[in-house]
Every structure is written in structure tokens, then in C-alpha cells.
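Just so we're clear, the structure is a prediction, and the values are computed from it rather than from any experiment.
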Amino acid sequence: MTAHRTSALPVDVPADEIGPGVRGFWAALPREGRYLLSTVALQHLGRGMTLPFTVIYLHEVRGFSLELSGTLMGLMAVIAAIYGPIAGTFVDRVGARLVVMSGSVLASIGTVALAFSSSLPIALVACLFLGLAHGTGWSASNSLISAIVAGRMRQRYFGVNFALLNLGIGLGGVLAGAVVDVDRPITFEALFLLDAVLVLIPVMWLLGPLRHVHGRAAHTDASEPRSYAAVLRRPGFGWILAVTALTSTVGYGQMEAGIPAFARTVSQVSTEAVGLLFAANTAVIVLLQFVVLHRIEGHRRTRVMMTLLAIWAVSWGLLGLSGLLPGTLAAAMLVVAYGAVFGLGETMLQPSIPAMVNDSAPDHLRGRMNAASSTAFMLGAIVGPVLAGVLLGRGLAAVFIGCMLLGLVVSAWMLLRIERIVSPEVNGLPAASPSTSPRTQRAG
């Protein structure tokens with residue numbers, strides 16, 4: 001079907017040719033990008049229905065101890081971190097399309113197994129398949145996106161994709177909260193089975209109208225080998241991995257463990273307040289992502305990330321302050337404010353790090369570089385909950401907040417290192433030309 005193969009991929013559009021707002025972005029997108037984005041929210045609706053309630057389901061419905069339930073959740077992240085580099089190799093060898101489809105199938109099988117995890121062996125099988133699926137997700141999907149769009153469009157795409165993903169997860173959580181009942185296991189089983197169907201949506205596109213988008217590097221005679229050693233030799237990439245792992249540890253790695261634990265045990269707020277925290281977080285991302293994308297375009301991604309770190313420092317300060325007012329309405333309001341402010345920072349993260357990784361990646365190493373970034377992120381998701389458990393379990397709430405703030409400071413230092421190493425294009429600036437003076441470039 002060579003008629004479908006278009007040499008226009010990946011597509012970049014000059015900023016001055018992209019119309020304003022969502023309509024302008026949508027009009028500038030290639031057909032393939034529209035297909036993928038059109039169902040992102042629906043695809044993650046099921047994820048939103050199951051993610052907040054998986055531990056509750058394993059503990060209160062299936063009867064596993066709370067410790068075992070938490071261990072099973074952690075096992076998924078460990079499997080994902082181990083499999084991620086292998087998935088990245090597959091992306092470079094066979095293309096992102098096949099790996100994305102395999103990840104969707106693995107996620108579907110794992111979710112079905114989780115729906116019927118009446119015994120530990122079945123739960124372990126579910127964790128295995130879901131861990132493998134999570135290990136494929138980042139490297140394969142980001143590589144597929146990069147096969148469709150480039151440059152400024154790629155940065156915008158990552159941001160819009162993140163907003164739609166959060167919209168689906170947020171709506172799913174709200175819907176599930178109104179349906180699930182621990183005394184009726186079938187309510188949980190139905191949601192898991194619905195999730196198992198929705199995660200297959202990418203397979204529908206990639207077997208149908210997008211079957212020509214293979215996301216596979218063209219054969220070249222490049223002297224650089226296809227290996228992870230070559231990945232680590234890329235200018236500044238080791239620092240990008242380090243800042244990814246650290247920001248994950250003090251950011252996303254706390255969302256499912258440290259933050260709820262601090263809110264409940266230190267700030268002593270209700271479960272409703274914790275729910276509002278996540279609702280506020282999702283609402284800010286969905287409502288402000290496109291506004292933020294417009295504001296940060298043309299600025300150095302490292303500087304955008306430093307702004308993010310400052311915003312996250314404010315959010316951690318709010319959470320820490322809530323711990324000084326335990327059990328009060330003020331504490332609850334500060335906890336919810338934490339979620340909103342943290343979400344504002346998140347709108348700057350997703351258009352920055354993934355775009356930086358993919359703009360620095362040659363086609364023959366793209367899968368491996370995305371996989372390395374995914375593994376670094378997973379390390380933060382593993383270390384973060386452990387760190388929170390140790391410190392908060394020993395009553396060291398102030399030390400916990402201090403560690404988060406210290407992590408942000410070290411991340412800022414790493415970003416300064418990255419800024420001195422990577423090229424202007426990788427850092428989000430237009431390439432300098434002989435006719436371009438420093439005064440005409442946006443310093444960001």
C-alpha cells in the first residue's frame with residue numbers, strides 16, 4: 001500500500017504558520033496525528049477507572065494484605081523498569097508500530113487477569129503482563145509520535161497528548177468512584193474488563209488507517225552502532241536521564257504514595273480532601289496545558305524546567321504547611337492547593353523532557369533513548385514511595401519535605417549542566433544561522 005506512505009512524515013510546521021489555539025494546532029497536524037490524538041482520552045478512561053482503586057480492590061475485595069497489595073503494585077514498576085530497555089531495542093529493530101500494538105495486547109491480557117485475581121498466582125500473572133505493558137509504553141508511543149511530527153509540532157503534541165491523557169484518567173476516576181462497591185466485586189471486575197477493551201484502541205488505528213506508520217528507522221551506513229553504550233555517549237543525555245530520575249523521585253514518584261500518606265497521617269485530612277487534591281491536579285492540567293504550551297514555545301526547555309522546579313517548590317511548601325495545621329479546614333485547603341500548583345508544574349514537564357529526548361535522538365537510536373528515559377522515570381517511581389515510606393513511617397515529616405526540596409535544587413543544578421552541553425535545537429531554540437545575530441534569537 002505505497003499510496004499511503006507519505007514522505008511528509010515526520011511533519012514540522014513553522015510557528016508562524018500554525019493558527020492560534022486548539023483549532024490552529026489541529027489544522028496543522030498531519031492526518032496521522034489527528035487519528036492518534038482523537039482517542040487518547042477515551043483510551044485512558046479505563047485507566048482512570050482502575051488506577052485509583054487497584055490497591056483497594058486487591059486488599060478489600062480479593063483479601064490480600066495491604067503489604068502484599070502494595071508489593072504487587074511495586075512489582076509492576078520493577079518489571080517495567082527491567083523490560084523497558086528491551087522494548088527500546090525492539091522499537092529500533094522492528095519499529096514503534098509493532099511494539100505499541102504488543103504493549104496494548106499485553107495490557108489487555110494483564111487487566112483481564114487482574115479482574116479475576118482471586119488467588120496470588122493469578123495476581124502475579126496480571127502484574128507480569130501489566131509490567132511488560134508499562135515497559136513498552138513510553139519508548140514505543142513517544143517513538144511513534146516522533147515518526148509523525150517533529151520540531152515545534154512535536155513539543156505541542158506531547159503537551160496536548162498529556163492533557164488529553166489526564167482528562168481521560170480524571171473522568172474515569174470520577175465515574176468509577178460513583179460505581180465501585182467493595183461489597184460487590186462485579187463492579188470492580190466490570191471496570192477492569194472495560195479497561196481491557198479500551199487499551200486496545202491503538203491496535204485499531206495501527207491495523208487500519210495508520211498501518212503505514214511503522215516508526216522504523218531507515219537503514220543507514222552510520223558508523224554509530226545501535227547500542228545503549230552509544231545512547232549514553234550522546235551529548236548531555238546522561239544528565240537528561242539523571243534529571244528525569246530525580247524529578248520523578250520528588251514528583252510523580254510521590255503521587256501514589258508519599259502525598260496521600262503525608263495528607264492522611266501528618267496533615268490529618270479526610271479521604272475526600274485527598275480525592276479533591278487529585279481532582280484539582282487533573283483540572284489544572286486539562287485547563288491550562290494549551291495556555292502553557294503557547295507561553296513556553298521558543299524558550300529554552302532547561303529554563304522552562306527550572307520554572308517548573310520553582311513551582312513544585314511552592315507546592316511542597318504548601319503541603320508542608322498543611323502538616324503544621326493538622327485536622328483543620330486550612331490543612332485540607334492547603335492539601336488541595338498542593339494538587340493544583342503541582343499540576344501547573346506538570347504542564348511544563350511533559351512538553352520539555354520528552355521533546356528534548358526525541359529532538360536529540362537519531363532515528364536508529366530513538367527507541368533505545370526513549371526506553372532509557374522511561375527506565376529513569378521508573379526508577380523514580382520505585383525509589384520515591386520507598387523514601388516516603390521510610391521517612392514518614394518514622395515520623396520524619398519535616399525531613400521528608402526537606403528531601404523533596406533538596407531534590408529540586410539538585411535538579412536545577414543538573415539542568416544548568418544540560419544547558420551548557422546540548423544544542424540550541426535540542427533545547428527548544430531555533431538553530432543559529434550565519435545571518436542570525438544573537439540579538440535576534442530568543443534567549444528564553
Is a side-chain donor or acceptor of [X] paired with a backbone partner of [Y] at a separation under 3.5 angstrom?
X      : Y      : answer
Ser102 : Val99  : yes
Arg47  : Val199 : no
Arg211 : Gly208 : yes

Which residues pass the side-chain hydrogen bond (donor to acceptor under 3.5 Å, both in side chains) test with [X], not counting sequence neighbours?
X      : answer
Thr39  : Trp205
Glu346 : Tyr252, Asn281
Thr302 : Glu419, Asn427
Thr347 : none

- Message: For residues 371-389, which residue pairs pass the side-chain hydrogen bond (donor to acceptor under 3.5 Å, both in side chains) check, not counting sequence neighbours?
- Response: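 Checked against side-chain hydrogen bond (donor to acceptor under 3.5 Å, both in side chains) - neighbours excluded - no pair reaches residues 371-389.
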[X]: partners by side-chain contact (heavy atoms from CB on, under 4.5 Å), with sequence neighbours left out:
X      : answer
Ala261 : Leu392
Val269 : Ala263, Ser267, Ala273, Val274, Ala331, Ala332, Val335
Ile82  : Val78
Leu324 : Leu321

- So which pairs with a foot in residues 338-363 pass ring-ring contact (aromatic ring centres under 6.0 Å, His included), sequence neighbours left out?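 Pairs touching residues 338-363 that pass the test: Trp312-Phe342, Trp316-Tyr338, Tyr338-Phe342.
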- Sequence neighbours excluded, which residues qualify as salt bridge (charged side-chain N to carboxylate O under 4.0 Å, His left out) partners of Arg97?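 Result, salt bridge (charged side-chain N to carboxylate O under 4.0 Å, His left out) vs Arg97: none returned.
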Donor-acceptor pairs are to be reported for all side-chain atoms of residues 157-171 against protein atoms at under 3.5 Å, with residues two or more places apart or in another chain.
unit_1	atom_1	unit_2	atom_2	d
Asn166	ND2	Phe162	O	2.9

